[in-house]
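All remarks here apply to the structure that follows.
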Amino acid sequence: MSAPAAITVENLARTYQGGYQALKGVTFSVAAGEFAAIMGPSGCGKSTLLNILGLLDRPTGGTYRLEGALTAGLGDAELTALRRARIGFVFQAFNLLPRLSALENVALPMAYAGAAVAPRLERARALLDRVGLGRKGEHTPLQLSGGERQRVGIARALANKPALLLADEPTGNLDSTSSAEILALFKELNAEGTTIVLVTHDPAIGASAQRVLRVKDGLLA
Amino acid sequence: MNAREALRAGVREISANKFRSALSFTAVSVGVASLLYTLAQTQGMKQALERNLELMGPGRMTIEKKRDYVSKGLSGGLTYADAVALRRELPDLYMVDPRSSYSLTVHYGGRKLEGVDVAGTTPDFRKRDWVYTLRGRFLNEWDVANRARVAVLVQPAGWVKKPFWAKFWGREDDYDKFAARVDVLGQRVRIVDSVYTVVGVLTPPPRDLDPRWDSWSTPNAFVPITAFQQTFGKGDASADLVDEIRVETGDERTLAARRRQIEAILKRRHRGEEDFEIKDQREEIESEMENMRKYVKAGLALGIVALLAGGIGIMNVTLATIFARVREIGVRRAIGAGRDDILAQFLLEAAMLGAAGGLAGVGLGLGGVKWLSGLGGTRDLAQPTVLHCLGVVALASAVSAGFALVPAWRASRLDPVEALKAE
Ligand SMILES: Nc1ncnc2c1ncn2[C@@H]1O[C@H](COP(=O)(O)OP(=O)(O)O)[C@@H](O)[C@H]1O
Ligand SMILES: [Mg+2]
């Protein structure tokens, strides 16, 4: 028997308060180890979809299975535990905590997971090495360039060894050189077995993905 | 997240918002300081009361002439003979000490000292409120029986640390200056027209260490009551009068019964005239304590109000902090923080702010108490105990965390997606 898909969604819908239907019923699955890109015009529901996949938001209709398990009916604490253990988030605006050093930012998810300080810092250092920032661990986000910040963000997303990496326009705030570096990094991570789902407007990234999910007006095109 | 890291993160946040933090910090510290001061005062008063009651004796009362009483001409007033009668009729009384005093002129060598407070008393004087060190001897029964011309002089001990007000307020009269310089033990002094031999010198404790409630009322010289009446009395029927008779039953349980007996005896001796008053000094002290307790309660209320104001300040700080960090909350939630983590983070920050304010308040309070004690005049101020200090710091951080509870709880319930969209 094959391993369950990383993500399986059926008829997934999200209607916001006030009645706006951001997602009108989408069905797809992402296999473990796959690299999928979500593309589509602004306002079509990409972020809404990604937030649901990341367990930050709940659908108002349809089902979402993460690694084969239904997520409906889980409480906030259970969703948090799943998110912490299985999912890494990368943001367009990097969202590093400004008062923490790069190293501390990377170590933070492990702190929430209850890891001890020493192994936490050790792994954070290794991750910074992995993204090519081994020597900038003590820098604060303000002392880093945009591309460097996003690499710290990716290292942080990898902290708890997630099976699934979600990224919402990770290169949206970066120049083309930095974007290319970030894309290369995602490809390497995917080659190492991490499932990646990212939202992007960048055709180069779309072309690199194994699969492109095109969203339009809350539906898959 | 281990405790040390959480604390470090808290310190970072607090110091990143210095002005905001300083406001609530100040309010909390003022609250804590005033609570501490009040505790010190309560403690001090309790100790002073206990020492006083101990010195005073358990069954103590004072018989005095009734104020504003117009005699019907039947009674001869409160006299030494009354004291002798009480002693005879109620032999189990521990102390019967009649006392009279006048402000008189004393001559020694070529010197003339005016306004010396001379008291006639009995050896029973020693039995209560005895806080003196004695050189030579005190008056004895033989002196009283024989109207001996002997005197015991009081040598003022001054202050360990003179309070600021005593520097210009406290009178240093001729006698005190004289007694401080000249040792008259064994010498003869002339009081008005009579020559007395100084057989003893009494030194009370330094003023600021004197445990007595009414330490200021110590006379300058003691002589046998009988000699006093003979040499300074007017030579008529009034010569036997005394100012007061101090009585001690020796037992709190016999106080009420003896009091009634004394009343009956004196009323009979005064031919029905109730021209005397029996005062229970313990009652007096206790009523004074009651008054002071009211002040303490006011102080306590002030401290609590200030602490609550500090708490509200901390609630504000927490609200502002949370408002400014909504996005951070979203980020933390996205990377794995649970609601409890967010709640704990903000509660901890508030508690730390409260504890820091509390510690500053303890510093302020201890410094203030020390300063006030240094100024003197506040011998009823006990040093706050370690327990008091820890208690108020714990209270400050608990109050702060309590006030931060609602904002922190709301922060923990924020929708992560909405929070991430915040600027
Ligand atoms: N909390 C919300 N309440 C109402 N409408 C929302 C809310 N969040 C997003 N929307 C709307 O849903 C649509 C999809 O939003 P989003 O998923 O962010 O689009 P995008 O594809 O650009 O990421 C947009 O039209 C947006 O205005
Ligand atoms: Mg979007």
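Numbered from 1 within each chain, the chains take letters A, B, ... in sequence-line order.
- Only the side chain of Arg327(B) comes within less than 4.5 Å of a heavy atom of chain A; its backbone N, CA, C and O stay farther away.
- Only the side chain of Leu97(A) comes within contact range of chain B, with heavy atoms under 4.5 Å apart.
- The main-chain N or O of Thr140(A) is found under 3.5 Å from a side-chain atom of Gln143(A) such that the two form a donor-acceptor pair.
- Nearest heavy atom pair, residue Ala93(A) against residue Asn173(A), reads CA-ND2, 3.9 Å.
- The neighbour count for Arg214(A) CZ, taken as heavy atoms of other residues, nucleotides or ligands under 6.0 Å away, does not exceed 12.
- In this structure, no portion of Leu55(A) lies under 4.5 Å from any heavy atom of chain B.
- Shown here is Arg12(B), whose CZ atom has more than 12 heavy atoms of other residues, nucleotides or ligands within 6.0 Å.
- Looking at Asp341(B) and Arg332(B), no side-chain N of the basic residue comes within less than 4.0 Å of a carboxylate O on the acidic one, giving no salt bridge.
- With respect to Arg99(A) and Glu328(B), no salt bridge is recorded, no charged nitrogen being found less than 4.0 Å from a carboxylate O.
- At a heavy-atom separation below 4.5 angstrom, chain B is approached by Arg156(A) within residues 150-170 of chain A.
- For chain B, the option among Asn95(A), Thr48(A), Thr80(A), Asn51(A) with the highest count of heavy-atom pairs below 4.5 Å is Asn95(A).
- We find that Arg413(B) and Asp76(A) are not joined by a salt bridge, their nearest charged nitrogen and carboxylate oxygen being 4.0 Å or further apart.
- Only the side chain of Asp415(B) has a heavy atom closer than 4.5 Å to any heavy atom of chain A.
- Other residues, nucleotides and ligands contribute more than 12 heavy atoms inside 6.0 Å of the OH atom of Tyr16(A).
- Distance OG1/Thr195(A) to CD1/Ile7(A): 7.5 Å, rounded to 0.5 Å.
- Each of Pro416(B), Gly330(B), Gly338(B), Ala337(B) has some count of heavy-atom pairs under 4.5 Å with chain A, and the biggest count is that of Ala337(B).
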